[in-house]
Amino acid sequence: STEEAEERAQILADAAALKKLTADYIHPEIKVKNVYPITFVRNFFGKHSAVEMEWTDKTAERAQILADALARKKVASDYMRPEVRIKLVDSCSFGIGSRLRSMPC
């Protein structure tokens, strides 16, 4: 019937969209293709004639946020690339067994 055909077409469209989303997630190196014309609107807040303002009391907080973002980016990169070896620097991260529990790490 036509209702079943429409439902089948909707299921196939959903499956195709899910396949594309999965491919985008698995391959983050592929650039995003922009199809919405509204995203090409000019940004007046970032133009060169705008005055650059930096609040001195927010500089340390901004640096901490950027450092946290960089650390999260590294963790995400390590998660997405399991073939890259992990470099351990803490000797306590190696299991030493139950016989040596009295040694503090």
Check: Lys73 main-chain N/O paired with Ser77 side-chain donor or acceptor under 3.5 Å: no

From Glu6 atom CD to Ile11 atom CD1, the distance as rounded to the nearest 0.5 Å: 12.0 Å

Spacing of Lys19 atom NZ and Leu12 atom CG [to the nearest 0.5 Å]: 12.0 Å

Trace of the salt bridge (Lys or Arg N to Asp or Glu O under 4.0 Å) decision for Arg72 with Asp68: CA-CA 6 Å; Arg72 290 175 197 264; Asp68 289 346; 5.4 Å; no

Distance (rounded to the nearest 0.5 Å) between Glu29 CD and Met80 CE: 8.0 Å

SB check Asp78 Lys74 (cutoff 4.0 Å): yes

OG1 on Thr2 to CD on Glu4, rounded to 0.5 Å: 9.0 Å

From OG1 (Thr22) to CD1 (Ile26), nearest 0.5 Å: 6.0 Å

